[in-house]
Amino acid sequence: MQRELIKHVLERDDFGSTVTVAGWVRTRRDSKGGFSFIELTDGSIITGLQVIADNELPNYESAVLRLSIGSAVRITGTLTESPAKGQRIEIKATEVEPFGLADPETYPLQKKRVSFERLREIAHLRPRTNTIGAVTRVRNSLSYATHRFYQDRDFLYLNTPLITASDAEGAGSMFRVSTIDPATAPRTSDGEIDYAEDFFGRPTFLTVSGQLSAETYALALDRVYTFGPTFRAENSNTRRHLAEFWMVEPEIAFADLNDDADLAEDYVTYLIRYVLENNETDLEFFNRWVDTDLLDRLHHVAESGFERITYTEAIGLLEPANDSFEFPVVWGDDLQSEHERYLTEQVFKRPVTVTDFPFAFKAFYMRRNDDGKTVAAMDVLVPGIGEIVGGSQREERLDVLADSMRIKGMDEDHYWWYLDLRRFGSAPHAGFGLGLERVVQFTTGMQNIRDVIPFPRTPRNAEF
RNA sequence: UCCGGGGUAGCUCAGUUUGGCAGAGCAGCGGACUGUUAAUCCGUUUGUCGUGGGUUCGAGUCCCACCCCCGGAGCCA
């Protein structure tokens with residue numbers, strides 16, 4: 001169907017030309033001067049296009065006056081310089097072709113602001129709002145920029161499995177994948193459900209990370225990245241957690257923790273600069289309506305970069321402020337949210353990369369440092385969100401890895417292929433995971449992660 | 001899962017302290033006005049007070065149980 005996207009129409013200045021647009025009515029205002037104003041949006045840009053519909057139109061009474069917020073319509077008209085403030089151009093309609101109308105008595109969206117909580121209950125209609133439309137465009141930009149960043153650096157895009165048999169990757173509870181009907185489940189002699197009879201002949205789950213799979217390809221093809229959905233069955237009820245979210249996981253061979261941190265910081269900086277350059281109108285909208293410090297903060301990060309400190313240095317910075325914390329700062333304990341916030345929001349006022357955490361509370365695959373106490377791990381923390389990146393240099397020494405697994409109480413037999421990577425042609429390598437939704441939050445100022453993914457999956461919520 | 005706050009008109013909320021006629025703004029609808037743009041002005045319709053029990057002459061309000069939402073914590077990205 002012939003029509004031009006509004007974002008392109010708004011750039012034209014060939015007044016007098018004929019243009020056709022299609023979209024959804026945002027508002028209609030009738031003038032007794034004998035015409036109506038129609039504001040039309042089509043999702044291509046946050047700005048609406050103003051259409052003047054004169055009552056000389058043959059279907060003015062039957063069509064134009066029935067257009068209310070949410071109605072779909074195609075309009076052909078003349079590109080005109082706008083005589084009034086508020087817009088540079090407008091369309092003087094010569095043809096108005098309505099599609100589906102929207103009964104204003106029952107259409108849930110209003111001209112006025114609708115709360116984000118309410119919009120989550122009508123997630124199928126919320127993409128029609130300014131905010132969710134802008135979030136969607138920024139999210140798209142971040143996805144595109146991700147591929148550009150890694151492709152430009154010779155990374156291979158790798159698809160790792162969503163269904164996995166590793167039941168202890170160490171990143172929280174998993175969703176079981178099964179074709180067994182609980183009512184007629186096959187049982188073992190001791191009464192347990194017999195997963196040997198299940199589809200894959202063993203217990204299987206939705207992945208909590210593609211990392212272990214990605215390592216196998218990094219140790220063959222040098223540099224890879226995954227970009228896909230990830231699942232956590234935790235009963236998390238916070239504005240920072242989802243049961244289904246999207247993660248980007250690069251994995252690089254012949255690299256140490258410093259290379260890893262460099263890559264993470266370059267990548268996040270690239271993302272921020274990309275949306276600053278390509279989503280200007282959306283970011284201005286967020287800066288005005290959602291978070292008035294947003295643009296200052298993004299420019300500041302894009303220019304001043306990241307602070308990088310070790311866990312031990314972080315403890316040293318936190319200890320003088322111990323009185324202000326609910327949880328005391330102790331070397332050997334993991335950093336609490338309040339500690340992370342203090343570092344990014346009070347001490348440095350910008351993103352902070354914390355490295356070299358104690359071995360005791362980190363994952364088995366992280367490379368043990370020479371001090372015997374810490375591992376080559378890193379977290380990238382940002383103001384307002386907390387952790388957006390978690391990564392490490394991987395343990396490439398077979399004997400040390402096996403030792404770590406024993407200490408963590410893991411069954412080496414389940415990881416025979418992972419250990420094989422260390423038996424044959426092992427090499428130093430590193431990687432990290434970046435939470436896409438948390439970056440969307442950081443770059444839009446949106447407070448709740450449920451509003452930066454099209455259809456959020458959280459405990460008790462899978463309606464849409 | 002734990003702690004705190006909340007659930008009353010289509011939406012946002014007041015009313016709960018001290019039990020006594022179910023309220024306001026916005027939206028919608030009707031009208032006025034106007035190159036308008038969160039338009040403005042006048043008029044007007046709208047209720048399973050989250051659900052189920054209980055106390056009481058009488059419960060939105062008090063008691064008990066449960067459900068859901070939001071924020072904080074934990075888990076993490």
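First the proteins, then the strands, lettered A, B, ... as listed; each starts at 1.
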- request: In whole angstrom, give me the gap between the C1' atoms of C66(B) and G71(B).
  value: 22 Å

field: Distance, rounded to the nearest Å, where Arg28(A) contributes CZ and C29(B) contributes P
entry: 9 Å

message: Going by purine N1 to pyrimidine N3 plus the second Watson-Crick contact, or the G-U wobble pair, all under 3.5 Å, which nucleotide sits opposite U12(B)?
response: A24(B)

task: Give a yes or no on whether the backbone of Gly33(A) and the side-chain of Ser31(A) come within a donor-acceptor separation of less than 3.5 Å.
output: yes

- prompt: Closer to the 5' end of RNA chain B via nearest nucleotide, is it Leu434(A) or Pro104(A)?
  reply: Pro104(A)

- prompt: Does any donor-acceptor pair link the side chain of Gln50(A) with the base of U36(B) at a separation under 3.5 Å?
  reply: yes

query: Of all the nucleotides listed (A77(B), G74(B), U1(B)), which has the minimum atom distance to the side chain of Asn235(A)?
result: U1(B)

message: Strictly below 4.0 Å: does Ser209(A) bring a side-chain N or O up to OP1 or OP2 of A77(B)?
response: no

query: With a 4.0 Å cut-off on heavy atoms, is Ile385(A) in touch with a base, just the backbone sugar-phosphate, or nothing at all?
result: nothing

message: Please report the distance, rounded to the nearest Å, between CG in Asp334(A) and P in A73(B).
response: 14 Å

- prompt: Does the separation of the ring centres of Tyr267(A) and Tyr150(A) fall below 6.0 angstrom?
  reply: yes

- request: Answer with yes or no after comparing the ring centroid distance for Tyr415(A) and Phe364(A) against a 6.0 Å cut-off, counting only values under it.
  value: yes

- request: Take atom C1' in G47(B) and the same atom in U12(B), then report the distance between them in whole Å.
  value: 16 Å

message: For the P atoms, the ones on G25(B) and on C63(B), what distance do you get once it is rounded to whole angstrom?
response: 32 Å

G4(B) and U44(B), which share atom name C1', separated by this distance in whole Å: 41 Å

message: Angle between ring planes, Tyr342(A) versus Phe325(A), binned at 30° and 60°: parallel, tilted or perpendicular?
response: perpendicular

query: Okay, side chain of Arg126(A), backbone of Pro454(A): is any donor-acceptor separation there less than 3.5 Å?
result: yes

task: Between G10(B), A73(B), G28(B), spot the one nearest the side chain of Glu105(A), thanks.
output: G28(B)

query: Hey, is the side chain of Arg450(A) pairing donor to acceptor with the base of C69(B) inside 3.5 Å?
result: no

Under-3.5 Å donor-acceptor pair between Asn237(A) side chain and U1(B) base: yes

Heavy-atom donor-acceptor pair, Glu90(A) side-chain to G35(B) base, under 3.5 Å: yes

- prompt: With a non-hydrogen cut-off below 4.0 angstrom, is Ile52(A) in contact with a base, only sugar-phosphate, or nothing?
  reply: base

- prompt: How close or far is atom P of U40(B) from atom CZ of Phe37(A), stated in whole angstroms?
  reply: 15 Å

- request: Check for a donor-acceptor pair, side chain of Arg28(A) on one end and backbone N or O of Leu67(A) on the other, with a separation under 3.5 Å.
  value: yes

query: For the rings on Phe357(A) and Phe359(A), is their centre-to-centre separation under 6.0 Å?
result: no

- request: Establish, with yes or no, whether the OP1 or OP2 oxygen of U34(B) is under 4.0 angstrom from a side-chain nitrogen or oxygen of Ser31(A).
  value: no

message: For a quick check of understanding: with a heavy-atom distance under 4.0 Å over all strands, which category does Arg341(A) fall into, base, sugar-phosphate or nothing?
response: sugar-phosphate

message: Suppose we define a pair by two distances each less than 3.5 Å, Watson-Crick or G-U wobble; what does G4(B) pair with here?
response: C70(B)

- prompt: Got a donor-acceptor contact below 3.5 angstrom from the Arg137(A) side chain to the Gly43(A) backbone?
  reply: yes

task: Using a 4.0 Å heavy-atom cut-off across all strands, classify Val389(A) as base, sugar-phosphate, or nothing.
output: sugar-phosphate

field: G19(B) versus C57(B) - spacing of their P atoms, nearest Å
entry: 15 Å

- prompt: Distance between the P atoms of U48(B) and G60(B), in whole angstroms?
  reply: 14 Å

message: Under 3.5 Å for both donor-acceptor distances, Watson-Crick or wobble: does G60(B) have a partner, and if so which one?
response: none

task: When you get a sec, tell me which of A73(B), U12(B), A77(B) is the closest nucleotide to the side chain of Arg118(A)?
output: U12(B)

message: Students often get this wrong, so: under 4.0 angstrom with heavy atoms, is Ser82(A) touching a base, only sugar-phosphate, or nothing?
response: base

field: Quiz item: Glu39(A) side-chain donor-acceptor pair to U36(B) base, under 3.5 Å
entry: no

message: I'd like the C1' distance from U55(B) over to C62(B), given in whole Å.
response: 8 Å

query: When the P atoms of A9(B) and G74(B) are considered, how many whole Å apart are they?
result: 35 Å

message: Can you measure Leu125(A) atom CG to G10(B) atom P for me and round it to whole angstrom units?
response: 17 Å

query: Between C67(B) atom P and Arg460(A) atom CZ, what is the distance in whole Å?
result: 9 Å

- request: Identify whether any heavy atom of Thr106(A) sits under 4.0 Å from a base atom; if not, whether one sits that close to sugar-phosphate; answer base, sugar-phosphate or nothing.
  value: nothing

- request: Using both distances under 3.5 Å as the test, list the Watson-Crick or G-U wobble partner of C49(B), or none.
  value: none

field: Side-chain N,O (Lys111(A)) to OP1/OP2 (A39(B)) below 4.0 Å
entry: yes

- line: Here the distance between atom P of C76(B) and atom CG of Leu335(A), to the nearest Å, is 12 Å

- prompt: Atom CD of Glu121(A) and atom C1' of U12(B): how far apart are they, to the nearest Å?
  reply: 13 Å

Phosphate-side-chain proximity, Arg29(A) and A39(B), N/O vs OP1/OP2 below 4.0 Å: yes

task: Measure from CZ on Arg239(A) to P on A77(B) and round the result to the nearest Å.
output: 18 Å

query: Which part of the nucleic acid does Glu326(A) contact within heavy-atom distance under 4.0 Å: base, sugar-phosphate only, or nothing?
result: nothing

query: Of the nucleotides C70(B), G74(B), A77(B), which has the atom closest to the Arg120(A) side chain?
result: C70(B)

task: By nearest nucleotide on RNA chain B, pick out whichever of Ser236(A) and Thr458(A) is the more 5' one.
output: Thr458(A)

query: Using the benzene-type ring in the case of Trp, are the ring centres of Tyr225(A) and Tyr157(A) under 6.0 Å apart?
result: yes

query: Contact class for Gln110(A) vs. all strands (heavy atom < 4.0 Å): base, sugar-phosphate, or nothing?
result: base

